[in-house]
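Okay, so here's the structure we're looking at.
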Amino acid sequence: MISIVDDDPSARESLVDLVKSMGFSAEAFQSAEEFLQSGLLRDTSCLIADVQMPGITGLELHTSIVRSDSAIPTILITAFPNEKDRAAARRSGVTSYLVKPFDDKDLLASIRSALASPDDGGRQS
C-alpha cells in the first residue's frame, strides 16, 4: 500500500486517484499526525508526503519514521522547492524529491524505485 500525506484536499485526492490508476492501493491522510495515528505504518510500502504541511512536515515525518526503525521508502513532493529542503531530503535518504506539478511518469518511476529499494528508507534520485 502507498500512503499519501498532503494537507491540500484536492492534491491529496488527485494523488490517490493517480496512484490507484497506476495499479497500486493507496490510503490518504490530511496530516503526518493522522498517518502516524492510523495504525497503517507497517502496511505502508511507500510514503508520498508533501514537504510543507502544518505541524509535522513531510521531511520531519520521514526522519521520524527512520528513527523509529520502521524505514519506509519516501517520496517528497513540493510546490515550493528550495535547495535547503532538497539537500536535507538527500541526506535523510528520501527516495525522490518531486516538484509540483510533476509528470505522471516521474511519479511512477519514483514509486517503482521506492518499491525496488531495500527497506532502509530508499535512496535519493
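These values consider heavy atoms only, across backbone and side chains, with no hydrogens, waters or symmetry-generated copies. Sequential numbering from 1 along the given sequence is applied to the chain's residues.
Proximity of Pro54 to Asp7: side-chain heavy atoms (C-beta onward) are separated by under 4.5 Å at one or more points. Counting only heavy atoms from C-beta outward, the side chains of Val19 and Ile4 approach each other to under 4.5 Å. By the 4.5 Å heavy-atom criterion applied to side chains, Val5 and Ile48 are not counted as neighbours. Here the side chains of Ile56 and Leu36 are in contact, with some heavy-atom distance below 4.5 Å. The shortest distance between side-chain heavy atoms of Arg86 and Val99 falls below 4.5 Å. With a 4.5 Å cut-off on side-chain heavy atoms, Asp6 and Lys100 count as touching. By the 4.5 Å heavy-atom criterion applied to side chains, Phe24 and Leu108 are counted as neighbours.
Atoms CD1 and NE2, from Ile75 and His62 in turn, are 11.5 Å apart once rounded to the nearest 0.5 Å. Expressed to the nearest 0.5 Å, how far CE of Met53 lies from CG of Leu61 amounts to 6.0 Å. Annotation: the span from Leu40 atom CG to Glu27 atom CD amounts to 6.0 Å, rounded to 0.5 Å. Note that the CD atom of Gln52 and the OG1 atom of Thr78 stand 5.0 Å from one another [nearest 0.5 Å]. Atoms CD and OG, from Glu33 and Ser38 in turn, are 12.0 Å apart once rounded to the nearest 0.5 Å.
With Ser96 contributing its side chain and Leu98 its backbone, the two residues share no donor-acceptor pair below 3.5 Å. Side-chain N or O atoms of Asn82 include one that pairs as donor or acceptor with a backbone N or O of Asp85 at under 3.5 Å. Listed for the Thr63 side chain is a donor-acceptor partner under 3.5 Å among the backbone atoms of Leu59. Side chain of Ser14 to backbone of Ala11: no donor-acceptor contact under 3.5 angstrom is found. Arg12 places no side-chain N or O within donor-acceptor distance of the main-chain N or O of Ala28, the cut-off being under 3.5 Å.
Ala114 and Cys46 make their closest contact through CB-SG, 3.7 Å (heavy atoms, listed as atom of the first residue, atom of the second, distance).
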Phe80 and Val51: CA distance, side-chain angles, deciding distance, side chain to side chain contact (heavy atoms under 4.5 Å, CB included) verdict: CA-CA 8 Å; Phe80 307 100; Val51 172; over 6 Å; no

Residue pair Leu107, Leu15: steps toward the side chain to side chain contact (heavy atoms under 4.5 Å, CB included) verdict: CA-CA 10 Å; Leu107 179 61; Leu15 273 171; 3.9 Å; yes

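Partners of Lys20 according to the salt bridge (Lys or Arg N to Asp or Glu O under 4.0 Å) rule, which considers only residues two or more places apart in sequence or in another chain, do not exist here. Leu41 pairs by the side-chain contact (heavy atoms from CB on, under 4.5 Å) definition with Phe35, Ile65, Ser70, Ile72, not counting sequence neighbours. The side chain to side chain donor-acceptor pair (under 3.5 Å) search around Thr44 returns Ser3, not counting sequence neighbours.
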